[in-house]
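Right, one structure below, let's go through it.
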Amino acid sequence: MAGFVCLYNDRFSDKKTVAHMDYSIYYHTMPDGTIKQVNPFTGTEVWSVSGRGRKPLDYDQEHRPKKLHRHEPEDYCSFCPTRFRDIPPEKTRLVRDGDSYKLVDGLTSSQYENEDYLFRRVPNLFEIVSLNYWRKNYDYKLSEKQLNLKDQFMQDPASIDHIVALLQYKMRLQGIPEEEITRMDTNTFISDADAFFGGGHEMIIARRHYKENAETEDDLCASGDLSVDEHEQYFRLTIDAMVDITENNKYVRYISVFQNWMKPAGASFDHLHKQIVAIDEWGAAIERQISMVKEDKNIFNVFGPNFAALNNLVFAENDFAVACIGIGHRHPTIEIYSKSVHARPDEH
Ligand SMILES: [Zn+2]
């Protein structure tokens, strides 16, 4: 495909969609300058009212970031490399191996400090969809592979201490009385730890909290601070986790991957991480998009890059993908459409 002036058409499509599509329904400038935009895939309508972008905002006031008191190794939050036992046992870690990378699985709690890493894959202690959800609604059982990993982990007494302290901490946060927590025996905690080996809510956590040369508390390590190579590994590990979750739980119908970074986005920690959440349904937005694809197999080209090209909303393009300014989103959004014939992340 040469350049974004060329419109993308699915060769299987039987419709001449581009010619008859009335894009102005979705992106329309009123005589007073108000832009009304509707996201074609979700139906969300957003208005950009002329001049409102210049109104004074609280956060326009001069921001003076605090000087950072550097700690090496970092220990600023529970995702930092000195606080491994603040969060559940890791499933795997990605380690640099000369010029390439390797995955290291099955470390027990007393081995975490032995090997440096770039990213860790760790279950979320506060799952959105819990292991009990899958158990009670689907009679889901941990796979043999997961049970073996759990057994191997529990061979180390430090692992058992880790699990007990972590689950006690979670119970305290849930307001469970202290007497009840201290009465619980170790075997109950070990049994409750199944969630860390067979759950469907995980995180991919980057190593650094702040950039290498950070001077202020604003100098957090962002995904843009990773090298191209590291970024690729960050995605590979995320995709590996998605594949592993679906292979171990046949009731998963959809996996949501997101990177809420920093407090305004709802993240508990400013430390760079992705969340991976398996769910058992597609939800209204996906259901709607499925029926749109049934109507017209070319619909993602029509309302994606073609729509953007005709409205001068293409932001960047290379041989593999097109980045467009997304419309009908609550916050400024860039949408990236792959040019690959493969649809699933693990097929790329
Ligand atoms: Zn941190």
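Aromatic ring pairs are classed by plane angle as parallel below 30°, tilted from 30° to 60° and perpendicular above 60°; the pair F153 and H162 is perpendicular. Taking the six-membered ring for Trp and thresholds of 30 and 60 degrees, F119 and Y234 have nearly parallel ring planes, at less than 30 degrees apart. Relative ring orientation between Y133 and Y138 is described as tilted, the plane-to-plane angle lying within the 30° to 60° band.
Counting all heavy atoms, side chain and backbone alike, A222 lies closest to W261 at CB-CH2, 3.4 Å.
For the side chain to side chain contact (heavy atoms under 4.5 Å, CB included) with M154, the lone residue among I163, T108, L149 that qualifies is I163.
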> Could you go step by step and tell me if K170 and D192 meet the salt bridge (Lys or Arg N to Asp or Glu O under 4.0 Å) rule?
Replying inline: CA-CA 12 Å; K170 188 176 177 180; D192 288 351; over 6 Å; no
> So R207 and E74, salt bridge (Lys or Arg N to Asp or Glu O under 4.0 Å) or not? Walk me through it.
Replying inline: CA-CA 9 Å; R207 183 174 156 273; E74 296 185 297; over 6 Å; no
>> Run D116 and R96 through salt bridge (Lys or Arg N to Asp or Glu O under 4.0 Å) and show every step you take.
In response: CA-CA 8 Å; D116 205 2; R96 211 187 286 276; over 6 Å; no
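Not less than 6.0 angstrom separates the ring centroid of H209 from the ring centroid of F79. The aromatic ring centroids of H271 and Y76 lie 6.0 Å or more from each other.
Atom CZ of F320 has 12 or fewer neighbouring heavy atoms from other residues, nucleotides or ligands inside a 6.0 Å radius. Within 6.0 Å of CD in E178 there are more than 12 heavy atoms belonging to other residues, nucleotides or ligands.
Under the 3.5 Å distance criterion, with hydrogens and angles disregarded, a donor-acceptor pair is assigned to the side chains of N248 and S143. There is no side-chain donor-acceptor pair under 3.5 Å between N148 and D151. Side-chain atoms of T34 and D32 include a donor-acceptor pair closer than 3.5 Å. Residues N39 and T44 have side chains that never bring a donor and an acceptor to within less than 3.5 angstrom of each other.
Atom OG1 in T238 sits 11.5 Å away from atom CD in Q275 (nearest 0.5 Å).
A cation-pi geometry, defined here as NZ or CZ lying under 6.0 Å from the six-membered ring centre and within 45° of its normal, holds between R120 and Y112.
The residues D194 and K150 are annotated as salt-bridged, a charged nitrogen and a carboxylate oxygen being separated by less than 4.0 angstrom.
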